[in-house]
Amino acid sequence: SGLLLKHTATADDKPINLVLQTGETDMAADDVIGKISWQAPDEGTGTDAILVSAAIQAVAEGDFSSSSNATRLEFMTGSSEAATSQMSISSGGIVGIGAVPTGDLGVGLHIKTADSGQSAAQGDADELVIEGSGSAGLTILSGTSSEGSIHFGDSGASDQAQIMYNHNGDYMMFRANNGERMR
């Protein structure tokens with residue numbers, strides 16, 4: 001049931017390609033280029049239940065020109081509301097979760113619950129940014145007889161240093177230069 005699209009070519013590297021095209025002749029920053037939405041408009045309870053509950057949209061990051069078509073993808077979900085952007089991937093590959101329309105700090109993954117008013121540290125520690133306006137944190141959960149750890153490596157070795165908590169022995173260990181330095 002529904003819509004079925006099938007490519008009739010049987011050779012290798014002949015994928016089906018569904019293209020959504022806008023007729024807009026002047027793409028400006030934040031213009032939506034195309035969108036796929038999910039909705040249950042016949043839901044009997046009405047109100048929030050019939051709103052668009054999820055969507056994926058392509059949005060221009062700036063004015064398009066002969067040398068630029070920078071576009072981000074926004075992933076939208078709803079919770080007692082019409083779907084709103086919750087995650088985005090910028091044209092530069094920055095993933096923003098909660099930091100929408102795009103991750104505004106760092107160059108990798110930006111998880112944002114609220115704006116702290118600060119920027120990422122000097123560009124040397126911005127591949128993963130966790131941001132909140134109050135307390136913010138990172139949780140590492142592991143088994144009761146296992147360890148939770150953060151490892152540091154380089155081109156010479158993948159485990160040059162480590163911060164580790166051992167749940168079985170209830171101790172924290174710091175390793176550097178490939179050896180334990182403090183417990």
Side-chain angles (χ1 to χ4, degrees), residues 12-13 15 29-30 32-38 52-62 67-183:
D12 192 25
D13 293 325
D30 297 322
V32 175
I33 302 163
K35 185 174 184 176
I36 301 170
S37 299
W38 289 267
V52 170
S53 58
I56 301 172
Q57 64 183 17
V59 181
E61 289 183 318
S67 60
S68 178
N69 67 345
T71 303
R72 73 177 172 268
L73 280 179
E74 293 183 0
F75 297 83
M76 309 166 79
T77 56
S79 175
S80 231
E81 64 188 352
T84 58
S85 293
Q86 302 298 323
M87 184 175 95
S88 67
I89 304 173
S90 75
S91 62
I94 299 171
V95 176
I97 299 175
V100 180
T102 189
D104 58 352
L105 296 178
V107 297
L109 177 59
H110 180 190
I111 301 169
K112 180 177 182 176
T113 56
D115 195 337
S116 69
Q118 290 295 323
S119 59
Q122 313 290 336
D124 290 335
D126 62 351
E127 288 77 16
L128 170 61
V129 177
I130 300 171
E131 180 181 17
S133 62
S135 299
L138 169 69
T139 301
I140 298 174
L141 301 172
S142 50
T144 56
S145 61
S146 302
E147 297 96 19
S149 58
I150 300 171
H151 295 254
F152 303 88
D154 57 30
S155 61
S158 62
D159 195 18
Q160 286 294 94
Q162 175 186 26
I163 300 170
M164 185 265 295
Y165 181 76
N166 182 302
H167 293 278
N168 194 37
D170 280 331
Y171 64 86
M172 180 160 284
M173 178 181 67
F174 296 85
R175 295 174 47 95
N177 197 18
N178 211 15
E180 184 176 329
R181 302 296 176 218
M182 184 170 63
R183 183 179 292 204

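Only this structure's heavy atoms are used, side chains among them; waters, hydrogens and symmetry mates stay out. Predicted, not measured: the structure shown is a model, and the values here were computed from it.
No hydrogens or angles considered: nothing links the side chains of Ser79 and Glu81 as a donor-acceptor pair under 3.5 Å. Inspection of the His167 and Ser142 side chains reveals an N or O donor paired with an N or O acceptor under 3.5 Å. Donor-acceptor pairing under 3.5 Å is lacking for the side chains of Glu74 and Ser88.
Phe174 does not carry Arg181 over the face of its six-membered ring by the limits of under 6.0 Å from the centre and within 45° of the normal.
At least one side-chain heavy atom of Arg72 sits under 4.5 Å from a side-chain heavy atom of Asp30. Side-chain contact between Glu131 and His110: present, with at least one pair of heavy atoms (C-beta onward) separated by less than 4.5 Å. Using a 4.5 Å heavy-atom cutoff, the side chains of Ile97 and Leu109 are in contact. Residues Gln160 and Phe152 are not in side-chain contact: their nearest non-hydrogen atoms beyond the backbone lie 4.5 Å or more apart. A 4.5 Å side-chain heavy-atom check between Ile56 and Trp38 finds at least one atom pair inside the cut-off. Side chains of Ile33 and Thr71 form a contact here, defined as non-hydrogen atoms less than 4.5 Å apart.
A distance-only check finds no donor-acceptor pair linking the side chain of Gln162 to the backbone of Ile150 [under 3.5 Å]. The backbone N or O of Thr144 sits nowhere less than 3.5 Å from a side-chain atom of Ser146 that would complete a donor-acceptor pair.
Closest approach of Ser37 and Ala55 over heavy atoms only: OG-CB, 3.9 Å. Residues Gly137 and Ile130 share a closest heavy-atom pair of O-CG2, 3.7 Å. Of all heavy-atom pairs between Tyr171 and Tyr165, the closest is O-CD1, 3.2 Å. In plain terms, the two heavy atoms of Asn168 and Asn166 that are nearest each other are N-OD1, 2.9 Å. Listed here is the closest heavy atom pair of Arg175 and Glu180: CG-CA, 3.9 Å.
Note that CE of Met76 is 11.0 Å distant from OG of Ser53, once rounded to the nearest 0.5 Å. Interatomic distance, Met87 CE to Ile111 CD1, rounded to the nearest 0.5 Å: 11.0 Å. Note that CG of Asn69 is 8.5 Å distant from OG of Ser91, once rounded to the nearest 0.5 Å. Separation of atoms OG (Ser85) and CD (Gln57) is listed at 5.0 Å; rounding is to 0.5 Å.
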